[in-house]
Structures are given as C-alpha cells and as structure tokens.
**Q** 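Next up is a structure, given as structure tokens.
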Number of protein chains: 2
Amino acid sequence: MRATIKDIAKISGVSTATVSRVLNELGGYRPEVATKVLAVAKELGYRRNDSAVSLVKQATRTIGIVMPTVATSFYAQIINGIEDRAYQAGYSVILTHAGVNNVRLQESLNFMVERRVEGIIGVSINLAQIDLQAIAALAVPLLLLSAQAPGNRLPYVKVDDYAAAYAATTDLIDHGHRTIALVGVDPADSVAGRPRIAGYTAALQAAGLRLDRNLIFPGDYTFEAGQRAMTTILATPELRPTAVFAVSDETALGVIAVCYQAGLRIPQDLSVLGYDNSAIASMVSPALSTVAQPFYEMGQLAADKLITGLQTNQPIQSQIVPFKLIHRGTVSSL
Amino acid sequence: MRATIKDIAKISGVSTATVSRVLNELGGYRPEVATKVLAVAKELGYRRNDSAVSLVKQATRTIGIVMPTVATSFYAQIINGIEDRAYQAGYSVILTHAGVNNVRLQESLNFMVERRVEGIIGVSINLAQIDLQAIAALAVPLLLLSAQAPGNRLPYVKVDDYAAAYAATTDLIDHGHRTIALVGVDPADSVAGRPRIAGYTAALQAAGLRLDRNLIFPGDYTFEAGQRAMTTILATPELRPTAVFAVSDETALGVIAVCYQAGLRIPQDLSVLGYDNSAIASMVSPALSTVAQPFYEMGQLAADKLITGLQTNQPIQSQIVPFKLIHRGTVSSL
DNA sequence: TTGAAAGCGGTACCAT
DNA sequence: ATGGTACCGCTTTCAA
C-alpha cells in the first residue's frame with residue numbers, strides 16, 4: 001500500500017497536521033521538522049492522493065474534454081493546446097468521446113460530472129435544443145470549441161464561418177474566377193454548414209455573380225465528399241467551374257484526387273481552396289491554399305477562458321478567433 | 001452544492017447505507033424503498049462523487065496516457081483506440097504531455113500517481129535508463145505503445161520495425177530498384193531508428209546489393225527532414241537513388257515536395273515509400289505507398305492489455321503487432 | 001431489510 | 001510551532 005501522511009507522521013514523530021503543512025509549504029514549523037518530514041516522505045515514496053484532496057477541498061482541478069469519435073487530424077492540435085494551458089494552470093485534463101452523432105454524449109457528460117470536473121470543453125459538438133436542458137442540469141460550465149449551441153445559449157470559441165467563407169470566395173473571385181463550386185458542405189449543419197453557404201452566396205452576390213445552386217455540393221466535410229462532388233462535376237460538362245472552394249482540407253484533397261486521376265492539373269486546370277489549414281495542407285504537393293483555423297491557439301484560448309471563468313466565477317464570454325487565408329499552390333489566377 | 005447521499009437519505013427517510021445499496025443495486029431492500037430513493041435521487045439531480053468512491057474503494061478506474069507534445073497526426077487515432085476500449089471497460093482516461101524530449105516526463109508521471117491512475121500507457125515515449133528507476137518507484141503498471149524501454153524492462157505494444165524496414169526495402173528491390181535511399185531516420189533512436197536502419201541494411205545485403213552509407217539520411221521523422229534529404233540528393237548527382245524509403249509519411253511528403261518543386265514526377269522519376277499509413281497517406285495525390293501501422297487497433301490493444309493486467313493482476317506481455325505494406329501510387333517498377 | 005458507525009487520505013480550524 | 005480532530009462523500013461491516 002502506498003504511504004500516507006499518517007505513515008509519515010508516525011515515523012517523523014509529528015502530527016498529520018504538521019506533515020500536511022510541510023508538504024504544502026504552509027509555514028508554521030521549524031526548518032528541522034520540515035527537513036525530517038520531507039526526508040521521510042521521500043524515503044517512503046509518498047505521493048499525495050488527489051481523491052482525498054479533491055474530496056476535502058471540494059475542487060478537483062480537472063477539466064474535461066468531450067469530442068466526437070471521428071478522428072480528424074486537427075483534434076490532436078486542439079488537445080495539445082488545451083492540455084498545455086491546463087497544465088500551466090495546474091489543471092489536469094480528462095477526455096471522453098461523445099461517439100458518432102453524439103450517441104454517447106449524455107454518458108460522457110455524466111462521466112464528467114461524477115469525476116467532478118470543474119468545467120468542460122466540448123469540441124465540435126453540435127448540440128440540439130434538448131441537450132441544452134440536460135447540460136444546464138449538469139451545473140458545470142461548458143465551453144464550446146468550434147461549435148455553437150442553438151440560440152447561443154452556451155459560450156463558444158470559434159472562427160466566424162460566414163466571414164471566412166465570404167473572404168475565401170471573394171479571394172477566388174479576385175483571382176478572376178467566375179464559376180466557383182462550393183463542395184462538401186452540410187446544409188443541415190447550422191454552425192459550420194449554413195454560415196459557409198451564406199458567406200459563399202453573399203460574396204458571389206457582392207461581386208455581381210450569378211448563384212448557381214447546382215454548384216453547391218452537399219457533403220460531410222470528408223475526403224469522400226470531395227471525391228463524389230468532383231466526380232459529379234467532371235460528369236456534368238455544363239457546370240465547368242474554374243475553382244472549387246472545399247469546406248475542409250480533407251474535402252479539398254478528395255477533389256484533387258479525382259482531378260489527378262482524370263489528368264487535370266492543379267491549379268492550372270482547376271483552382272482548389274481548402275478550409276482548416278490542418279497539418280497536411282502544407283505537406284501535400286502542390287501545397288494546399290486554405291482558410292486557416294488556429295487550432296492549437298483555439299485549444300489554448302478555450303482552456304484559458306474556461307479556467308479563468310472557474311477562478312473568477314465570471315460567466316465566460318464567447319470569442320470569435322481570426323481565420324487567415326493562406327495562399328499556397330492550389331489557387332491560380334485566371 | 002451538489003446533492004449527496006445524505007440528502008437523499010434524509011429526504012427519503014432511510015439511512016445512507018440503504019441509499020448506497022439502492023444506488024448500486026446491491027439488493028437487500030424493499031422495492032418501494034428503492035423506488036422512493038431513486039425518485040429522490042433523480043429529483044435532486046444526484047451524481048455520485050467519484051473522488052469519494054475512489055478514496056474508499058482504493059480504486060480510481062482511471063488510466064493515464066502520456067505522450068510527447070509534438071502532435072503528429074496519428075496520435076488522434078491512438079487516443080481514439082485507447083479511449084474506446086477504456087470506455088467499454090468502464091475506465092476513464094486522463095491525458096498529459098511529457099513535453100518535447102520528455103522534459104515534463106517526471107512531472108507527468110507524478111501527476112498520474114497523484115491522480116492514482118491504475119495504469120499508464122506511454123505513447124512514443126523513449127525512456128532512458130534513468131527513467132526506468134523512477135518508473136519502478138512509481139509502482140504503477142506502465143505499458144509502452146510504439147516505444148520500447150532499454151533492455152525491454154517494460155511491456156510494449158509496437159510493430160517490429162526491423163521486420164517492417166526489411167520488408168519495405170525488399171519490396172522496393174522487388175520492384176527493380178537497386179539504389180535506395182533511407183531518409184529521415186534517427187540513428188540515435190534505438191527503438192525506431194536503429195532497427196529500421198538494420199532492416200534496410202539487411203534487406204540490401206540479402207539481395208546482394210552494396211550498402212552505400214551516403215544513402216542513409218539522418219533525420220527526425222519530420223516533413224523537413226524529408227525536404228533536407230531530398231535537397232541533398234538532388235545536389236549530389238553521384239548518388240542518384242531510384243527509390244526513397246522514408247521513415248514516416250510526413251518525411252515522405254517532404255521528399256515528394258522537393259521533387260515536385262524540382263519537376264521530378266512521382267513515381268516515374270523516383271519511387272517513394274512512406275511509413276505509418278497515417279490518414280494523409282491515402283489522401284494525397286498520388287496516394288502514398290507506405291508501411292501501415294494499425295494505430296487505432298494498437299490503441300485498443302494497449303488499453304485492453306493494460307486493463308486486463310489490472311484486473312487479473314498478471315504481468316502484461318509485450319506484443320508485436322503486424323505491419324502491412326500498402327501499395328498505392330508512389331512506387332513504380334523499374 | 002435496515003441503520004450505525006468506522007474508516008478511506010487528506011485539510012484546516014481551534015487549542016495549546 | 002504543533003497537535004487534536006471534525007469533516008469531505010461514500011462503502012461496507014456488524015448488529016439489530
């Protein structure tokens with residue numbers, strides 16, 4: 001069995017109270033007592049039991065991350081950002097998956113509550129109206145990352161998808177493109193889907209371009225969605241877009257893969273713009289032009305905000321983080 | 001304040017012992033008592049306090065993951081695998097980063113012990129001799145994933161890098177290549193570096209090919225390492241390999257990126273073989289031929305083994321998991 | 001079938 | 001400067 005402060009107290013010939021003081025450097029003891037206690041503690045390989053501390057202090061210094069099961073590559077960056085900041089603040093991080101389509105969401109959240117996490121970061125979790133009540137009942141602060149709740153009832157950290165899509169589309173237009181496809185977007189997704197469609201549409205209109213609904217290809221942000229859309233494009237000569245705005249880097253790569261098979265050159269024959277700036281974007285050839293989301297920083301910011309909120313007991317303010325257009329090799333001027 | 005079993009007991013008019021029995025379905029109470037208790041619990045939004053349970057049960061049902069800070073894309077898959085299995089077994093997962101070059105390793109491990117995790121999975125953690133003693137002192141089972149300890153003093157789950165490198169090199173030879181570069185490998189890395197060099201060397205010798213040490217390009221598995229090596233190759237005409245075996249997919253992409261810049265076509269002008277089969281490998285064009293490591297399954301297996309070890313109290317057996325050569329578009333026959 | 005009570009490993013208040 | 005001790009929320013033994 002692992003040593004406890006009782007063991008240390010007994011061996012050092014002091015009380016547990018004094019041991020506790022020494023271990024926590026609270027002062028109020030003679031140096032030689034401290035030396036002795038510390039030596040015994042080390043000798044015994046003592047490690048404090050956080051369960052006991054949490055219990056008595058009514059604080060676990062733990063935050064929870066809940067994310068979908070799907071492993072898109074950028075989650076690692078987000079987790080890194082969260083963990084780094086949490087670590088700096090002396091918090092630990094516990095992780096659960098909400099499953100595909102949130103099937104495990106309730107369980108995940110219960111798990112978190114039983115673990116008495118002090119706050120939760122929900123990454124890419126799309127909440128329904130009904131979830132909101134359950135979450136309120138949890139009585140644990142929940143911050144959304146790259147997501148948004150119905151009616152913005154929960155604080156969030158995300159980029160402005162509308163603005164990003166608007167800027168991306170405008171950039172393509174500035175490059176001389178007049179027929180631009182929007183690929184892989186989920187129109188049922190009110191947080192990342194509809195705003196991007198709206199931004200795309202608005203940019204087109206602002207430039208006086210005609211909106212062709214056939215150029216909007218629904219999908220689910222995956223590589224396969226890009227493949228499907230591009231296959232359709234190739235099979236539909238009357239469409240002939242000169243540029244594709246894909247709603248994720250993976251989708252963009254799906255588009256490019258089909259082009260590659262068909263012998264189309266990127267960007268000479270078709271411009272492709274991605275979204276995310278995930279690690280892969282800079283590693284492919286030609287390197288992918290894309291809308292950057294600062295995932296690592298978003299993770300950091302989310303952890304920061306949550307922990308600050310915990311410590312100050314102030315409500316957490318939502319924050320829009322800046323996107324950035326990254327010009328690399330897949331968009332060319334017409 | 002959150003409701004406790006005391007609150008439930010008081011309101012239900014029974015003792016905390018009975019509440020505990022009901023909540024844990026231990027039997028030994030009248031159904032109507034159970035109904036009442038459950039109703040009150042629900043009413044109060046009761047959630048059990050795992051700190052208290054852990055404390056009294058001397059078991060946290062938590063496992064820890066320690067990994068390097070660098071966020072290579074496949075960590076997400078590994079974490080997914082671990083978390084899925086842990087979840088199935090009723091364990092939760094807590095996560096820390098050991099920092100770059102393990103600078104935070106000791107702290108991470110202490111953290112884990114204070115959290116009283118029942119076991120730890122160390123992902124890609126290269127341990128030095130000295131760490132071993134500290135880890136032994138921890139008195140917590142530690143399983144290595146994609147790593148190995150000096151003298152194999154710790155159980156591990158990984159692929160056989162020697163065999164994989166041997167098979168990969170042989171495959172290149174079978175495709176008619178006679179001059180094959182090995183790129184991005186760290187000769188100081190005894191777990192993933194030296195075995196791959198050895199496998200590469202052995203395959204060459206088995207085929208009766210001459211080993212040219214200049215064709216081994218040291219590196220650190222990164223994209224940049226691939227770029228550097230390929231730049232050198234292009235600048236050194238007497239080398240002229242017809243194939244490159246990169247020690248990671250990212251390194252392979254670095255190689256390809258330089259080729260792309262230089263106007264070399266893959267695989268017509270140079271064959272490139274990667275290592276990992278990370279998600280990107282199948283998304284790039286041409287799709288990357290590579291040595292597959294089953295990351296998700298490795299995560300599952302590691303969690304399985306660790307938890308089984310915990311429950312049976314048996315020592316954990318190391319396991320070599322199978323790699324697989326994935327032929328896609330970046331290797332051609334000569 | 002039920003309750004009283006003794007801890008689990010700490011913290012922190014109140015005395016001394 | 002130090003010790004005694006109640007208590008955090010829960011489980012579990014023992015008795016009734």
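First the proteins, then the strands, lettered A, B, ... as listed; each starts at 1. This is a predicted model, so every value here is computed, not measured.
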**Q** Rounded to whole Å, please give me the gap between CD1 in A/Ile8 and C1' in D/dG3.
**A** 17 Å

**Q** Should B/Ser20 be listed as having a side-chain N or O under 4.0 Å from OP1 or OP2 of D/dT11?
**A** yes

**Q** Within the 4.5 Å heavy-atom criterion, are A/Leu306 and A/Ile63 side-chain neighbours or not?
**A** yes

**Q** Using the side-chain heavy atoms of B/Ser15, tell me which of these nucleotides is nearest: D/dG9, C/dG3, D/dA1.
**A** C/dG3

**Q** OP1 or OP2 of D/dG3 sitting under 4.0 Å from any side-chain N/O of A/Thr18?
**A** yes

**Q** Using whole Å, report how far CZ of B/Arg2 lies from P of D/dG9.
**A** 12 Å

**Q** Give the minimum heavy-atom separation between A/Met298 and A/Ser146, together with the two atoms involved.
**A** CE-OG, 3.6 Å

**Q** Does the side chain of B/Asn49 get closer than 4.0 angstrom to OP1 or OP2 of D/dC8 through an N or O atom?
**A** no

**Q** Between A/Ile307 and A/Arg85, is any pair of side-chain heavy atoms under 4.5 Å apart?
**A** no

**Q** What is the distance, to the nearest angstrom, from the CD atom on A/Glu114 to the P atom on D/dC10?
**A** 10 Å

**Q** Measure from the side-chain heavy atoms of B/Gln58 and tell me the nearest of D/dC8, C/dC8, D/dT12.
**A** C/dC8

**Q** In terms of side-chain heavy atoms of B/Lys6, which of C/dC14, D/dC8, C/dT2 is nearest?
**A** D/dC8

**Q** Of all the choices, C/dG3, D/dC10, C/dG10, which nucleotide is nearest to the side chain of B/Ala17 once you look at every atom?
**A** C/dG3

**Q** Without decimals, in angstroms, what is the distance between B/Arg48 CZ and D/dT11 C1'?
**A** 11 Å

**Q** Look at the side chain of B/Ile5 and decide which nucleotide, out of D/dG9, C/dT11, D/dT11, has an atom nearest to it.
**A** D/dT11

**Q** Rounded to whole angstrom units, what separation is found between the CG atom of A/Asp50 and the C1' atom of C/dG10?
**A** 10 Å

**Q** In whole Å, what is the span from the CZ atom of A/Arg47 to the C1' atom of C/dC8?
**A** 20 Å

**Q** When you get a sec, tell me which of D/dT2, C/dG3, C/dT2 is the closest nucleotide to the side chain of B/Val14?
**A** C/dG3

**Q** Expressed in angstrom and rounded to an integer, what is the separation of A/Tyr46 atom OH from C/dG9 atom P?
**A** 10 Å

**Q** What's A/Gly13 touching, base or sugar-phosphate or nothing? Going by heavy atoms closer than 4.0 Å.
**A** sugar-phosphate

**Q** What contact category does A/Thr16 fall into here, base, sugar-phosphate, or nothing, at under 4.0 angstrom with non-hydrogen atoms?
**A** base

**Q** Let me know the distance between NZ of A/Lys10 and C1' of C/dG9, rounded to the nearest Å.
**A** 14 Å

**Q** Any idea which of C/dT11, C/dT1, C/dC14 is nearest the B/Arg30 side chain?
**A** C/dT1

**Q** Using the side-chain heavy atoms of B/Thr4, tell me which of these nucleotides is nearest: D/dG9, C/dG3, C/dG9.
**A** D/dG9

**Q** For a 4.5 angstrom cut-off between non-hydrogen side-chain atoms, does A/Asp131 reach A/Leu105?
**A** yes

**Q** Please check if any side-chain donor atom of B/Tyr87 sits under 3.5 Å from a side-chain acceptor atom of A/Glu107, or the reverse.
**A** yes

**Q** What's the closest nucleotide to the side chain of B/Arg116 if the choices are C/dG10, D/dT11, C/dC13?
**A** C/dG10

**Q** Identify whether any heavy atom of A/Arg21 sits under 4.0 Å from a base atom; if not, whether one sits that close to sugar-phosphate; answer base, sugar-phosphate or nothing.
**A** base

**Q** If the threshold is 4.0 Å, N to carboxylate O, is there a salt bridge linking A/Asp7 and A/Arg2?
**A** no

